[in-house]
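Reading through the structure tokens given below for one structure.
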Amino acid sequence: MTTEPRDNLDFIRQEVEKDNASGRYGGRVHTRFPPEPNGYLHVGHAKAICLSFGVAAEYGGLCNLRFDDTNPTKEEQEYVDAIQDDVRWLGFDWGDRLFFASDFFQRLYDDAVRLVQKGVAYVDSQSPEEIRTNRGSLYVPGRDSPYRNRPVAENLELLERMRAGDFDEGACCLRARIDMAHPNMNMRDPIMYRIRKARHHRTGDTWCIYPMYDWAHGQCDSYEGITHSLCTLEFENHRPLYDWFIEQLGIHAPRQIEFARLQLTYTVLSKRKLLELVQDGTVDGWDDPRMPTLRGMRRRGYTPAAIRAFCDHIGIAKFDAIHDVALLEHFLREDLNRTSPRRMVVTDPVELVLTDWPAGKVDELDAVNNPEDPGAGTRKVPFTGRLFVERDDFRENAPRKWHRLAIGQEVRLRYGYYVTVREVEKDADGRIVQLRATHDPASRGGDSPDGRKVRGTIHWVSAEHAVDGELRLYDRLFAVEHPTRGVEGDGWKAHLAPDSLVVRRGAKLEPSLRDAEPGARFQFERVGYFVADLRDHGPGQPVFDRTVALKDSWARLEAKLADA
RNA sequence: UUCGGUAUGGUGUAAUUGGUAGCACGACAGAUUCUGGUUCUGUUAGUCCUGGUUCAAGUCCAGGUACCGAAACCA
């Protein structure tokens with residue numbers, strides 16, 4: 001991806017450059033992205049992916065994809081496939097370097113045997129409860145296990161029998177022999193192997209003991225020849241343990257550097273909370289367009305380039321920061337503005353009839369596909385005397401600075417004609433059912449030969465040519481910036497935005513939209529960026545999801561005028 | 001009360017390692033515009049606190065304060 005040198009290096013890149021300068025790894029840079037296949041990736045992971053793959057690319061190195069699949073009871077093939085798909089979609093490639101912690105199970109076991117032989121690991125036969133209580137607390141040191149001084153030969157035999165399946169789950173485990181009084185809890189004889197008589201998604205039934213993450217992770221990095229293991233802050237106090245294992249084993253020592261995980265306003269990013277939203281039906285699934293998952297964002301119409309630009313821009317630090325989604329949306333709009341073809345869609349239609357339009361006449365007008373990209377060309381849009389315009393683009397009592405339709409106010413129909421509303425027809429309830437207007441034939445195409453100016457331009461669709469479609473107007477999932485701040489338990493759910501999805505079934509689409517492919521992105525002029533829904537859009541059944549609205553400075557002005 | 005971390009405008013992020021606190025987003029104001037979009041210009045506002053060293057401190061020293069993480073046979 002981005003391989004240009006940067007002006008300001010974040011602290012991780014600075015450290016990498018120091019290592020390159022000192023020759024610590026012979027100038028080699030090799031990173032990895034190590035997800036656990038027990039859930040879907042979200043934007044937070046995108047930050048880690050961009051970092052690890054980005055750093056490797058910038059320094060001529062490599063980045064591996066490795067699944068940390070050390071817990072067979074939680075991990076599934078489905079997630080393995082989805083994660084690979086998401087990483088690729090984001091734009092990264094691990095070549096032939098796809099690994100699984102489970103690839104290393106035998107090697108890990110052999111190394112465990114070496115530590116037992118060295119006298120720095122032992123089989124503990126305490127119950128899980130005893131182990132927990134004897135670990136002590138943050139403030140009080142732990143107590144040695146009565147099995148801590150078993151002879152090497154006995155430990156070796158017991159470990160072999162653990163592997164052979166002679167013991168029940170929880171009957172015993174293998175522990176590193178470090179220091180039960182260590183101020184860092186991770187060093188209080190951490191568990192290396194536990195018995196789990198569970199089928200593993202890759203190794204099947206060949207193992208009944210599985211390595212703990214802490215025992216596997218550092219060595220897997222080492223086995224793969226990783227130089228820089230970039231991970232999030234919560235593993236900072238695990239680093240001494242990883243270093244200890246590596247040193248005891250005398251194998252290649254990667255360098256772990258920790259950074260703050262991504263947090264965003266107006267959403268939640270914990271696996272547990274996201275799962276809850278899926279399970280209680282708040283959202284439609286992991287790929288619901290409101291979800292901060294990569295799949296959700298993909299369906300919402302986010303571009304990989306926008307997500308990457310965001311990740312590049314926010315930088316890397318150890319400060320526990322919460323980024324404003326507005327910044328993500330900024331990069332999204334920036335990318336979409338450059339690349340999206342424009343179309344006209346009336347989201348909430350009201351009929352506009354031109355009383356002076358020649359009966360039966362259809363005028364094929366030229367519309368620019370993308371003003372930001374002259375190469376995108378133009379298209380023909382049919383114009384007739386019966387149109388649909390946005391209900392909200394007409395006001396009977398126009399406020400100050402109103403540039404749109406109002407009785408007697410001339411406006412331009414984009415790429416069409418200047419029109420002036422003359423009268424309004426309402427139904428019995430007082431709801432407007434039709435606007436009647438006249439047009440200036442000389443203004444065809446949108447300009448008047450006499451140089452006369454109009455104050456506003458609005459979008460429209462010819463009634464007889466319009467395609468009916470469904471619009472799903474998505475917005476931020478939560479109504480407040482920090483949904484989890486200062487709340488307990490399920491309190492964060494009270495902050496869910498009631499209108500994060502508004503469905504508009506009667507939208508009128510420009511005819512060319514009929515043939516849009518699922519996943520195709522557009523800017524609906526003056527409304528927002530939309531994408532043809534990946535699941536539900538199809539021939540004869542147009543469904544578009546709103547990716548993000550256009551900035552609306554009129555809405556702000558109007559609100560201010562209302563206050564005054 | 002233990003150990004490990006972190007503090008720079010509203011939100012993030014830089015500062016050649018002791019030398020004019022910069023950039024982005026946001027907000028606000030204006031210009032341009034056949035999208036009240038885009039683009040352009042300007043304004044706004046910051047070094048956690050208290051001392052100390054120094055000609056000079058965001059940066060060095062001392063002492064505070066606040067916040068985050070850590071006590072799964074999870075990762």
Side-chain angles (χ1 to χ4, degrees), chain A residues 7-10 34-36 38-39 68-71 73-75 124 127-128 131-133 135-142 169-175 182-188 190-196 209-210 212-214 216-217 232-240 258 260 265 271 313-331 333-334 337-338 342 344 367-368 371-372 401-404 411-416 418 443 445-447 453-459 481 523-529 549-558:
Chain A
D7 301 347
N8 294 314
L9 296 178
D10 56 68
E36 182 192 12
N38 73 338
D68 273 329
D69 55 351
T70 55
N71 186 347
T73 64
K74 289 190 175 173
E75 295 144 8
D124 194 352
S127 69
I131 288 180
R132 196 180 322 121
T133 49
R135 186 155 27 227
S137 76
L138 296 179
Y139 314 111
V140 350
E169 290 187 8
C172 52
C173 61
L174 185 73
R175 291 234 253 171
H182 199 106
N184 180 343
M185 303 279 301
N186 295 121
M187 301 297 273
R188 321 247 261 226
I191 290 164
M192 297 164 64
Y193 274 104
R194 71 310 207 173
I195 298 168
R196 280 281 173 283
I209 59 172
Y210 290 94
M212 295 289 291
Y213 175 85
D214 277 351
H217 188 81
T232 45
L233 253 26
E234 67 269 29
F235 294 105
E236 208 154 16
N237 27 29
H238 293 240
R239 178 162 24 100
E258 307 86 6
T265 53
K271 267 185 194 174
H313 188 88
I314 58 176
I316 302 295
K318 301 194 77 153
F319 177 64
D320 207 18
I322 303 178
H323 290 85
D324 194 341
V325 258
L327 185 62
L328 212 207
E329 292 170 346
H330 162 78
F331 286 107
R333 289 195 183 98
E334 187 175 78
N337 176 51
R338 248 189 18 245
R342 315 285 132 125
M344 290 197 284
V368 174
E372 307 296 322
K401 302 195 179 181
W402 178 254
H403 295 176
R404 286 117 96 148
V411 306
R412 170 168 41 229
L413 295 180
R414 180 141 235 229
Y415 302 123
Y418 289 5
S443 64
D447 282 301
K453 298 288 180 205
V454 288
R455 298 183 75 188
T457 301
I458 65 170
H459 59 281
E481 274 192 281
Q523 184 200 98
F524 293 170
E525 296 216 34
R526 302 208 310 131
V527 179
Y529 295 98
L550 248 27
K551 282 197 205 160
D552 188 353
S553 54
W554 163 250
R556 277 204 302 264
L557 214 203
E558 188 177 35

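The sequence lines fix the lettering, A, B, ..., with proteins before strands; numbering per chain opens at 1. Computation of the quantities below employed the complete heavy-atom set of this structure, encompassing side-chain atoms and omitting hydrogens, waters and symmetry-equivalent molecules.
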Gap between atoms CG and C1', on A:Asp214 and B:rC74 respectively (whole Å): 10 Å
Between B:rA66 and B:rC73 - C1' atom distance, rounded Å: 36 Å
Pairwise C1' distance, B:rA45 and B:rA29 [rounded to whole Å]: 16 Å
Minimum-distance nucleotide (side-chain atoms of A:Phe319 versus B:rC73, B:rG36, B:rG12): B:rG12
A:Tyr415 versus A:Ala367, closest heavy-atom pair with distance: CD1-CB, 3.4 Å
5′-ward residue of the pair A:Ile322/A:Asn184 relative to RNA chain B: A:Asn184
Distance-minimising heavy-atom pair for A:Arg342 and A:Pro371: CG-CD, 3.8 Å
Distance, rounded to the nearest Å, where A:Asn186 contributes CG and B:rG69 contributes P: 15 Å
Chi class for B:rU17: syn within 90° of 0, otherwise anti: syn
Selection from B:rC25, B:rA71, B:rU35 that lies nearest to any side-chain heavy atom of A:Thr457: B:rU35
SB check A:Glu169 A:Arg194 (cutoff 4.0 Å): no
Spacing between A:Asp320 atom CG and B:rG4 atom C1', to the nearest angstrom: 14 Å
Value in whole Å for how far the C1' atom of B:rU2 lies from CZ of A:Arg135: 16 Å
Length of the CZ-C1' vector between A:Arg414 and B:rU38, whole Å: 11 Å
Closest approach of A:Cys173 to A:Ile131 (non-hydrogen atoms, all atoms of both residues): SG-CD1, 3.7 Å
ring centroid sep under 5.5 Å plus plane angle under 30, A:Tyr139 with B:rU2: no
Atom-pair distance (CG on A:Leu233; P on B:rG4), nearest Å: 15 Å
Least distance between heavy atoms, A:Asn237 atom then A:Asn184 atom: O-ND2, 2.9 Å
Distance, C1' atom - from B:rU8 to B:rG4, rounded to whole angstrom: 23 Å
Rounded interatomic separation in angstrom, taking CD from A:Glu234 and P from B:rU6: 15 Å
Nearest to side-chain heavy atoms of A:Ala321, which nucleotide of B:rC25, B:rG12, B:rC68: B:rG12
Integer-rounded Å distance: B:rU38 P and A:Leu550 CG: 7 Å
C1' spacing across the pair B:rA21 / B:rA14, given as an integer number of angstrom: 10 Å
Integer angstrom distance from the P of B:rU41 to that of B:rU32: 15 Å
Side-chain donor/acceptor contact of A:Gln523 with base of B:rU35 under 3.5 Å: yes
Centroid under 5.5 Å and tilt under 30°, A:His403 to B:rG36: yes
Base B:rU35 to side chain A:Arg342, donor-acceptor N/O within 3.5 Å cut-off: yes
